[in-house]
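First comes the structure, then the notes that go with it.
We count residues from 1, following the sequence as given.
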Amino acid sequence: YHSSKNLYHGRVNYPEMMKYLVGGRQLIRAMAYVVKSDTALGEASFFEALKKSGFELRLKDLQIFPGGSKKADWDVGMAVDAIRMADSLDVVILLTGDGDFVPLVEYLKYNQGCQVEVIAFGKSSSARLIDAVDDFIDLDLNSKKYCTDLDGTWVTANQCSLSDTLFNGIDLNINTAGYSDGNYFI
């Protein structure tokens, strides 16, 4: 969101993104891991857009340390949630290009038997992550479909080459068998 708005004057069409990611599969749960700040402008509308698109929000307050340094990181939370729910999932989709998720991808694949997919902008994604996943969906190849400028007009692909930080913190989990016991999903 922030990269899209600040660097490229654009935003992501989250409903279209969700529709594409799920495809013909059954969505079990979609979670967006977001950081709440008292000073961020437009934050509430961003959170609302995610909710309306079908994402369940996991909120964390921005940590501000003595001296002014700030921390806003959900990597461990995402990993723990994915591991906790993996026994009940067939597919885990991560919307991030962050190479820090390679150990999680490997664990989900080799220890839990999950198919792991990543969707991110290839230009800013970790090569190690791309190699580790079962399927990598490069948004650079079809960004026109998922990006709008701030007034809602569709932008061209070269105007919407957003960094992976835009999606860092969104996790979709899909059960391709078409059922869920109602207790275990992310």
Side-chain angles (χ1 to χ4, degrees), residues 1-8 11-15 17-18 21-22 27-89 91-109 111-112 114-130 132-133 136-137 139 146 162-174 184-186:
Y1 168 80
H2 295 290
S3 295
S4 172
K5 183 177 176 186
N6 296 332
L7 298 175
Y8 302 102
R11 61 184 175 193
V12 172
N13 182 339
Y14 290 102
M17 178 72 62
M18 180 75 79
L21 292 174
V22 174
L27 175 65
I28 299 301
R29 200 165 178 189
M31 296 183 74
Y33 296 79
V34 296
V35 177
K36 190 174 144 220
S37 166
D38 292 333
T39 61
L41 297 174
E43 185 177 82
S45 62
F46 172 60
F47 294 168
E48 190 60 31
L50 288 172
K51 286 180 192 176
K52 285 181 179 177
S53 300
F55 289 100
E56 176 183 330
L57 296 187
R58 294 276 314 249
L59 294 166
K60 181 187 283 191
D61 289 327
L62 178 66
Q63 296 178 28
I64 302 174
F65 298 98
S69 64
K70 298 176 183 180
K71 184 176 181 183
D73 192 337
W74 263 111
D75 290 5
V76 173
M78 286 176 63
V80 169
D81 284 349
I83 291 167
R84 186 180 299 141
M85 304 301 169
D87 285 341
S88 299
L89 302 170
V91 178
V92 176
I93 303 174
L94 301 172
L95 283 74
T96 180
D98 188 342
D100 290 346
F101 286 100
V102 169
L104 173 64
V105 168
E106 291 172 345
Y107 178 82
L108 292 171
K109 285 174 57 174
N111 294 74
Q112 298 296 318
C114 294
Q115 177 175 320
V116 181
E117 301 173 6
V118 163
I119 182 164
F121 292 93
K123 293 177 187 172
S124 59
S125 295
S126 162
R128 286 182 36 242
L129 182 64
I130 293 169
V133 297
F136 178 77
I137 302 137
L139 287 174
Y146 306 109
L162 312 177
S163 75
D164 64 289
T165 57
L166 172 66
F167 294 109
N168 193 11
I170 297 179
D171 201 5
L172 291 179
N173 292 285
I174 295 170
Y184 300 96
F185 22 79
I186 291 180

Return the set of residues passing side chain to side chain donor-acceptor pair (under 3.5 Å) with Q112 (not counting sequence neighbours), or none when no residue passes. Y107

Do L104 and I83 come close enough that some side-chain heavy atom pair is under 4.5 Å? yes

Close side-chain approach of L59 and F47, heavy atoms under 4.5 Å: yes

Go through the steps to decide whether L94 and V133 satisfy the test side chain to side chain contact (heavy atoms under 4.5 Å, CB included), and finish with yes or no. CA-CA 10 Å; L94 301 172; V133 297; over 6 Å; no

Would you compute the distance between atom CG of D98 and atom CZ of R128 and round it to the nearest 0.5 angstrom? 9.5 Å

Counterpart residues, side chain to side chain contact (heavy atoms under 4.5 Å, CB included), relative to P103 (two or more places apart): none

Quick one: closest heavy-atom pair of W74 and V34, and the distance? NE1-O, 2.9 Å

Which atom pair, heavy atoms only, marks the closest approach of G99 to L129? CA-CB, 4.3 Å

Main-chain N/O of A132 paired with K109 side-chain donor or acceptor, under 3.5 Å: yes

Please report the closest heavy-atom contact between V118 and T96, naming both atoms and the distance. CG1-O, 3.0 Å

Test your reading of the model: is there a side-chain donor-acceptor pair from S53 to the backbone of F55, 3.5 Å cut-off? no

Nearest heavy-atom contact between A30 and G54 is CB-O, 3.8 Å

If the condition is side chain to side chain contact (heavy atoms under 4.5 Å, CB included), which residues does I64 pass it with, not counting sequence neighbours? L62, K70

Sequence neighbours excluded, the answer for side chain to side chain contact (heavy atoms under 4.5 Å, CB included) partners of K51 is E48, L57

Note, D81 side chain near R58 side chain (heavy atom, < 4.5 Å): yes

Side-chain touch L95/L21, heavy atoms, less than 4.5 angstrom: yes

Run the side chain to side chain contact (heavy atoms under 4.5 Å, CB included) test against A49 and tell me which residues pass, sequence neighbours left out. none

Between G122 and F136 the two heavy atoms that sit nearest each other are CA-CZ, 3.8 Å

Spatial distance of atom OG (S125) from atom CD1 (I119) [nearest 0.5 Å]: 10.0 Å

Quick check against the 3.5 Å criterion: does K60 have a side-chain atom that pairs as donor or acceptor with the backbone of Y33? no

